[in-house]
Every structure is written in structure tokens, then in C-alpha cells.
**Q** 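Below is one structure. I have some questions about it.
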Amino acid sequence: MKTDVLDTINDPADVRKLESHELLQLAEELRAFIIHMVSIKAGHLGASLGVVELTIALHYVFQTPEDLLVWDVGHQAYGHKILTGRKDTFHTNRQSGGISGFPKRAESIYDTFGTGHSSTAISAVLGMAIAANLSGNKKRQHIAVVGDASIASGMAFEALNHAGVTNTNILVILNDNAIGIDPSVGALKDYFTKVTLDGAPETETVFEALNFNYSGPVDGHDLTKLISELKRLQSIEGPKILHVITKKGKGLRQAEENQITYHAPGKFDGKTGDLYPEDSQSLSPKFQDVFGKTLVALASENKKIIGITPAMPTGSSLKYMMEAFPERAFDVGIAEQHAVTLAAGLATQGLQVFCTIYSTFLQRAYDQLIHDVCLQKLPVIFCIDRAGLVGEDGATHHGIFDIAFLRCIPNLIICAPSNEIELRNILYTAQLKLDLPIAIRYPRGRGSILDWEKPFSKIKIGQGIPLKEGTAIAILSIGAILDNVKVAINLISEKDSIGCYDMRFIKPLDERLLHKIFNHYNVIITVEDGVIKGGFGSAIVEFAATYHYKNTIKILGIPDTFPEHGSIKELQKETGISSEAIRATLQTFL
């Protein structure tokens, strides 16, 4: 695609050389470039389109990288990346070996802090500003760009509360577009709704109460006004907040009108903006939809069922229950800690709470999980979405740690169903009222069974399934990675030597079945899509040590690294859990 001004930009210093009319042209070209690239490569679209003018204004006014700029979450940082020397490599965005879809310190001096999870920017920027004060650098500016959904998080408020009693050069840009991935929720959102470009309600803002110098709201698509206000704020000492109103998806009609879908639309027609048609009728269902639709079916019969998600109703498919039973399903915003303890409180009153949360975000509520749920034996049902490798979102979003960090917690059942029917049945079993909390983990994306809506069947807690008997090698699989195991076995001519077992439960282990396996096979191979350290395979090794078994045990899983971004197949190959990699491991023992 043809660009004029954008082609002259190698770093922000070039932006600062432009005349006013050239800045406006740059905004048009940058927006067109992002649309073009995401249409052919996929990625996060709407958030970056909404901050094109803001991105240009920040790099124009502030002396980046000397002034430090942090983009909260990072969905909105594509324009930033393109203006900071990565235009020519942007076609590799989120591709294996290419640049990250999120800000990444190792990638550029302009990426001052890695931000894949929300609401961390203010804390990070405050730390940088305090460091500047300690070193005697009173001139350096520290800017955090935070969305209205992220600023409502508890961590963001903790940082605001601290920053308000410091004398630091910190500027928080509140990017108010009324939506994160899904529409923003909560009382603070209600306040923002009352704020328009014509002014704010005649009351002290929460930010002023926290000792922030509040200004705005400013039209986030008016470059002239943005630049003028940012320049004014440069000369004001102490913590400041600039309220900017933007439209997510700005510049692409479909992205403005359908902000949820166009947050990350996949590949689409860059000329028309339309999504490519998908024949979902012939595809197996997403695990998320199996969860969402099954929950509605269960809730229709069981009036005690409650659904909770921290800001992911669409991605997790809790939206189905929110539509069917709005009084019994809650989006609590980006507030994972609150979500877990809210679930615990509901459970004390005899309600059966399904708390659906992405694996990578459950990490943010670890204390609540231990202290508020498991210690008290409250039977909360955790539906852990996006477990395992998630693909192009990369290291900040892989759900590879949950088995290891959950397995050490007493009073917690951990289950990993291998397919859609198994997921459906463990959801059914969980709402029959267990005595302990349960964590049910399942991957992102589609399963492999078209006809999955079978009559419900109760699963016995802690019971594995023998799928195939063998003579020499037993493969113990957990979760949907079983599909790769089955393919690997079929690639081997000596398949009669190989036994295959779907263990289903990481905790409690099916010790009765394990004793049979260890007494029958010389070689045991475990396969999981989580980290090896402390994971499912480690549990099997602990079992063997406890009962003094001497069998050869090989653990396949994610090695002791943070896997980067790439397709699921590429990442499975790299980490040794693709069907071909499993086959190769099997061959070494035959």
C-alpha cells in the first residue's frame, strides 16, 4: 500500500519534525496501515484504531524514549510499534519468530514495560517516576495510557492511591471508550457515561479526591487539542490525569459498529472491512461454547446455579447465561480477585457458582483461591478457559501454569476433560453438589466432536479411563492433548506395544488405575499441555516414588521456559507435544 508521510517515519524523532497538516496525514496513513496489516495477518484491531491520534500526539509532545511511555494491556499499542521503528517488520506481528503483539522490553527501547495483563501500567510508571526522583531526574515524564475498563481494576486503584501522595512526574491518560474487550461495567463506568465532551458532572471526581490534577475530557481524535493539552500538562508538577474520549475501531465502520467482534476479528477483507464468511455449521464446537450452552441447560433445571466472569463474557461464552438468566450471571469487570471471593461468598449461602476465568488471569487471584475458597472447602466450580498453549497472543497469555500452581493446594479437585462430551459431563457432575471446590481446565478453540449434546452422564471423581491396552509402553494423557497422543500412536507400526490412558483428573489421581499401569508396563510416558515443573507428570513421579516403583518415566510437556507467540501447531512442535514429537519419543523406547 502507498504511504507518503508514514514512510518517512523511522522513530518518534521524525514525528516531531512534522508540520500540523502532515500530522493529520500521518494519522490517516497510520490508521490505513493498521487496517491493511491486520486484515491479512490478523491481530488486535479496534483498540489500536481508537488511539491513532493519541499515539501520534504522545510521541510528538514527549521526548520518548527519554520520557517513559507505558501502554496498559498493550492491545492498543500497534500504532506505537509502527512509529517506533517496527513498520518494516510489522508484517511479522504475532507470527513465530516475529514481533510480539504486546509491548515487550526485549524488543524495543520504546517498550518500557511488558504489558499483556491489564491494570499494571500505573504501578509500573509510578515505580519509574519514584526512581527518577531518587536519581535527581526531575525533568523526565512518565506516562501511562489506561483504558476505562482497566482503570476500574483493584490494582489500578491501589497505584492511584499511592501515586496521589507522591510528588512525581506521572501522567495517567484515561482512554475512555466505554469498552474493553466487552463493554465496561460497574459504577465507575456509570460515572464515565455521564462525562461528555461538553463537560463532567459538577462534583469532585474520584481522581481529584486521590490528589490527582484532573483535566478533560478531551476529544481523543482531535490532534490539535490533544497536543495542546499534553503540552500544558508537561509543565504541571505532580500526579496528573487526562481524560480522553475515543471511539474503539475509529476509521473502520464495521469496527466502530461491532466493537466486540472487531477487537480481534481475525483476517478480513481490508478493502471492504467485512469479515470473511465462516461455515461454522460443519465445524466442531468451541470448548467455550460447550461450556456456555451447557451452563444454560443446567441453570434451566438448577435454580441455584450462578455464573461469574471477570470481564470476559463473550470470550468465555458466559454471555449465553447472561442473556438467558441476567439476574444470575455477573460480569464483574477486570477484577479477578473480587470474582473469586465473590464466588466464595455466594457459595457460603448454598449457591452453586461457576466462575469462568482464563488460565492466565486466574494467576492474578491466587491468594483468594487458596485463602477464600480452598481453605474453607467452599465448592466453587472454576471453569479454567484457555488452558494450555493459546497461540499468537504469546507468553503473557499461555495458560500453562495452572496445573502446577493448583496441584499444591489442598482441598481442590482438578480435572482436565479430553473432549466436548467429557467437558459437558464434568460440568453436570460438578453442579450435583461436590464437597470440595473443583477446577475444570479446557483449551482455547474447537474440539473434535460434532454431535456433542448427548444426555448427561455423571463422572466419578478421580477416575481415569483405559482407552487402549498395550504390552510395553503406557501413555498417560491429561486433557485435550489426548488428540495428539492418539495421532502419534496411529503413526507407529508397533502400536500393539502401546497402551493409552485418559487420566482425566490431576487431583485426586486414580491410584487404583496407576497401580495396574505401573505393574504392567516398563515405560510410562506422561503428556500434558502445561509446564513440566510441578505439573501432571510430576504428580506421576511422586506417585512412583511414594510406592517405590522403578519404572522408566518420561514427562512430555512445556519445558522450563516462557514459550513465545506462534500458531498452536508451531508451539506444540517446539515444546515437544505435537503428534509427531510424541511419536518420536515413543520410537526411542521401542
**Q** I'd like to know if the side chain of S215 reaches the main chain of L242, judged simply by a donor and an acceptor atom lying under 3.5 Å from each other, with no hydrogens or angles considered.
**A**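 No, the answer is negative, given that no donor and acceptor are paired below the 3.5 Å cut-off.
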**Q** Could you give all pairs that pass the side-chain hydrogen bond (donor to acceptor under 3.5 Å, both in side chains) test and reach residues 158-167, with sequence neighbours left out?
**A**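 The answer is T166-T168.
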**Q** Measure the spacing between OG of S39 and CG of D274 and express it to the nearest 0.5 Å.
**A**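 Nearest 0.5 Å value for the OG-CG distance: 12.0 Å.
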**Q** Backbone N or O of G557 within a donor-acceptor pair of the T575 side chain at under 3.5 Å?
**A**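 No.
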**Q** Verify the distance criterion only: is there a donor paired with an acceptor across the side chains of S359 and D402 at less than 3.5 Å?
**A**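 Yes.
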**Q** Tell me, do Q288 and Y442 make a side-chain contact under 4.5 Å, heavy atoms counted?
**A**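 SC-SC contact between Q288 and Y442 confirmed.
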**Q** Kindly say whether G101 contributes a backbone atom to a donor-acceptor pair with the side chain of H44 at under 3.5 angstrom?
**A**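 A pair under 3.5 Å: no.
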**Q** Could you pull out all residues at least two apart from A131 that satisfy side chain to side chain contact (heavy atoms under 4.5 Å, CB included)?
**A**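 If we apply the side chain to side chain contact (heavy atoms under 4.5 Å, CB included) test to A131, skipping adjacent residues, there are no hits.
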**Q** Less than 4.5 Å apart, side chain to side chain, heavy atoms only: is that true for L230 and L58?
**A**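 Yes, their side chains come closer than 4.5 Å.
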**Q** Keeping the roles fixed (side chain from R140, backbone from A129), state whether a donor-acceptor pair exists under 3.5 Å.
**A**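 No; zero donor-acceptor contacts below 3.5 Å.
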**Q** Mind checking what makes side chain to side chain contact (heavy atoms under 4.5 Å, CB included) contact with D11, not counting sequence neighbours?
**A**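 Side chain to side chain contact (heavy atoms under 4.5 Å, CB included) list for D11, sorted by chain: A13, D14, Y110.
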**Q** Could you check if a side-chain atom of Q76 sits within less than 4.5 angstrom of a side-chain atom of N177, using non-hydrogen atoms only?
**A**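 No - every pair of side-chain heavy atoms lies 4.5 Å or more apart.
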**Q** Measuring from I122:CD1 to F157:CZ, what's the distance to the nearest 0.5 Å?
**A**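 With rounding to 0.5 Å, CD1 (I122) is 9.0 Å from CZ (F157).
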**Q** Write down the atom of S317, the atom of D289, and the distance for their closest heavy-atom approach.
**A**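 Shortest heavy-atom contact: OG-OD1, 2.6 Å.
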**Q** Compute the ring centroids of H565 and F102, then answer whether they are less than 6.0 Å apart.
**A**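 For H565 and F102, the ring centres are not under 6.0 Å apart.
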**Q** For F287 and A480, work out which heavy atoms get closest and say how close.
**A**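 Heavy atoms of F287 and A480 come nearest at CZ-CB, 4.2 Å.
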**Q** For the residue pair V70 and A121, what are the closest heavy atoms and their distance?
**A**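 Closest approach of V70 to A121, heavy atoms only: CG1-CB, 3.6 Å.
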**Q** Verify, without hydrogens or angle tests, whether Q363 (side chain) and T360 (backbone) share a donor-acceptor contact under 3.5 angstrom.
**A**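 Such a contact is found between Q363 side chain and T360 backbone.
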**Q** Are F361 and M312 packed together at the side-chain level, in the sense that at least one heavy-atom pair is separated by less than 4.5 angstrom?
**A**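 Yes. Closest side-chain heavy atoms under 4.5 Å.
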**Q** Looking at NE2 of H338 and OG1 of T341, how far apart are the two atoms once the value is rounded to the nearest 0.5 Å?
**A**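 Answer for the NE2-OG1 pair, H338 versus T341, is 8.5 Å.
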**Q** Taking all non-hydrogen atoms of both residues into account, name the closest pair between E528 and V531 and its distance.
**A**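 Closest pair (atom of E528, atom of V531, distance): OE1-O, 3.7 Å.
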**Q** Show me the pairs that pass salt bridge (Lys or Arg N to Asp or Glu O under 4.0 Å) and involve residues 253-266, at least two apart or across chains.
**A**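 Output for this query lists R253-E257.
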**Q** Is the shortest heavy-atom distance from the side chain of D176 to the side chain of P217 under 4.5 Å?
**A**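 Side-chain contact under 4.5 Å: no.
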**Q** At their closest point, which heavy atom of L369 faces which heavy atom of V340, and how far apart are they?
**A**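 Answer, listing the atom of L369 first, then V340: N-CG1, 3.8 Å.
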**Q** If you look only at pairs with a residue in residues 35-60, which of them pass as a salt bridge (Lys or Arg N to Asp or Glu O under 4.0 Å), with sequence neighbours excluded?
**A**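 Residue pairs with at least one partner in residues 35-60: R31-E53.
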**Q** Measure from the side-chain N and O atoms of N484 to the backbone N and O of I577, and report whether any donor-acceptor pair falls under 3.5 Å.
**A**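 Yes, the answer is positive, given that a donor and an acceptor are paired below the 3.5 Å cut-off.
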**Q** Restricting to salt bridge (charged side-chain N to carboxylate O under 4.0 Å, His left out), what partner residues turn up for E580, sequence neighbours left out?
**A**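 If we apply the salt bridge (charged side-chain N to carboxylate O under 4.0 Å, His left out) test to E580, skipping adjacent residues, the hits are R583.
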**Q** Can you list every pair that meets ring-ring contact (aromatic ring centres under 6.0 Å, His included) and has a residue in residues 120-154, with sequence neighbours left out?
**A**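 Output for this query is empty, none listed.
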**Q** After noting the C-alpha distance and the side-chain angles of K87 and D7, does the key distance pass the salt bridge (charged side-chain N to carboxylate O under 4.0 Å, His left out) rule?
**A** CA-CA 9 Å; K87 174 178 176 287; D7 282 340; 2.9 Å; yes
**Q** So, does D72 use its side chain to make a donor-acceptor pair with the main chain of V146 at under 3.5 Å?
**A**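 Flag not set: sc D72 to bb V146 has no pair under 3.5 Å.
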**Q** Holding to side chain to side chain contact (heavy atoms under 4.5 Å, CB included), I want the full list of residues that pass it with T92, two or more places apart in sequence or in another chain.
**A**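 Scan of T92 (side chain to side chain contact (heavy atoms under 4.5 Å, CB included), adjacent residues dropped) gives T89, I99.
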**Q** Check whether Y262 reaches the backbone of L252 with its side chain - one donor and one acceptor, N or O, closer than 3.5 Å.
**A**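 Not a single qualifying donor-acceptor pair exists.
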**Q** Does atom CD1 (I40) have a neighbourhood of more than 12 heavy atoms from anything else shown, all under 6.0 Å?
**A**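 Yes, because the 6.0 Å sphere around CD1 of I40 holds more than 12 heavy atoms from other groups.
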**Q** Classify the side-chain pair T55/H80 by whether it contains a donor and acceptor separated by less than 3.5 Å.
**A**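 The answer is no; no qualifying pair exists.
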**Q** Which of these, V527, I478, I481, sits in a side chain to side chain contact (heavy atoms under 4.5 Å, CB included) with F536?
**A**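 For F536, the side chain to side chain contact (heavy atoms under 4.5 Å, CB included) test succeeds with only one of V527, I478, I481, which is I478.
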**Q** Is the closest side-chain heavy-atom distance between H117 and S153 below 4.5 Å?
**A**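 Contact flag for H117/S153 side chains = no.
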**Q** T224: which residues meet the side chain to side chain contact (heavy atoms under 4.5 Å, CB included) condition with it, sequence neighbours left out?
**A**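 If we apply the side chain to side chain contact (heavy atoms under 4.5 Å, CB included) test to T224, skipping adjacent residues, the hits are D222.
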**Q** Looking only at atom types and distance, does a side-chain atom of D111 sit under 3.5 Å from a main-chain N or O of F113, one as donor and one as acceptor?
**A**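 Checked: no pair found.
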**Q** What distance separates L23 CG from I227 CD1, expressed to the nearest 0.5 Å?
**A**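 Here the rounded value is 5.0 Å.
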**Q** Kindly determine whether K138 and N133 satisfy side chain to side chain contact (heavy atoms under 4.5 Å, CB included), including the steps that lead there.
**A** CA-CA 6 Å; K138 301 295 185 180; N133 281 358; 4.0 Å; yes
**Q** Would R16 and Q63 satisfy side chain to side chain contact (heavy atoms under 4.5 Å, CB included), going step by step from the backbone distance to the final call?
**A** CA-CA 9 Å; R16 294 190 277 272; Q63 298 297 309; 3.6 Å; yes
**Q** With sequence neighbours left out, write down each residue that passes salt bridge (charged side-chain N to carboxylate O under 4.0 Å, His left out) with K104, or none if nothing qualifies.
**A**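 For K104 the salt bridge (charged side-chain N to carboxylate O under 4.0 Å, His left out) partners, ignoring immediate neighbours, are E564.
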**Q** For a side chain to side chain contact (heavy atoms under 4.5 Å, CB included) check, start with the C-alpha distance between N169 and D67, then their side-chain angles and the critical distance, and finish with the verdict.
**A** CA-CA 10 Å; N169 282 331; D67 291 332; over 6 Å; no
**Q** Just list the side-chain donor-acceptor pairs under 3.5 Å for residues 386-397, sequence neighbours left out, or say none.
**A**
residue	atom	partner	partner atom	Å
R386	NH1	G315	O	2.9
R386	NH2	Y358	OH	3.3
D393	OD1	R94	NH2	2.8

**Q** Any salt bridge (Lys or Arg N to Asp or Glu O under 4.0 Å) pairs touching residues 232-244, not counting sequence neighbours?
**A**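 As it turns out, the salt bridge (Lys or Arg N to Asp or Glu O under 4.0 Å) pairs with a partner in residues 232-244, which skip direct neighbours, are E229-R232.
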**Q** State, to 0.1 Å, how close I35 and G251 come at their nearest heavy-atom pair, and which atoms those are.
**A**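 Closest approach of I35 to G251, heavy atoms only: CD1-O, 4.1 Å.
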**Q** Got a salt bridge between D385 and K286, using NZ or NE/NH1/NH2 to carboxylate O under 4.0 Å?
**A**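 No salt bridge links D385 with K286.
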**Q** Do N93 and V38 have side-chain heavy atoms sitting under 4.5 Å apart?
**A**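 No, every pair of side-chain atoms sits at 4.5 Å or beyond.
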**Q** Below 4.5 Å, heavy atoms only, C-beta onward: do V5 and L18 meet side chain to side chain?
**A**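 Heavy-atom side-chain distance check passes, below 4.5 Å.
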**Q** Indicate yes or no for a side-chain donor-acceptor contact from T356 to the backbone of F382 under 3.5 Å, with no hydrogens or angles considered.
**A**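 Not confirmed, T356 side chain does not pair with F382 backbone.
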**Q** Roughly how far, to the nearest 0.5 Å, is NZ of K250 from OG of S48?
**A**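 Result: 16.0 Å between the selected atoms.
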**Q** So V51 and W71, side chain to side chain contact (heavy atoms under 4.5 Å, CB included) or not? Walk me through it.
**A** CA-CA 11 Å; V51 295; W71 296 89; 4.2 Å; yes
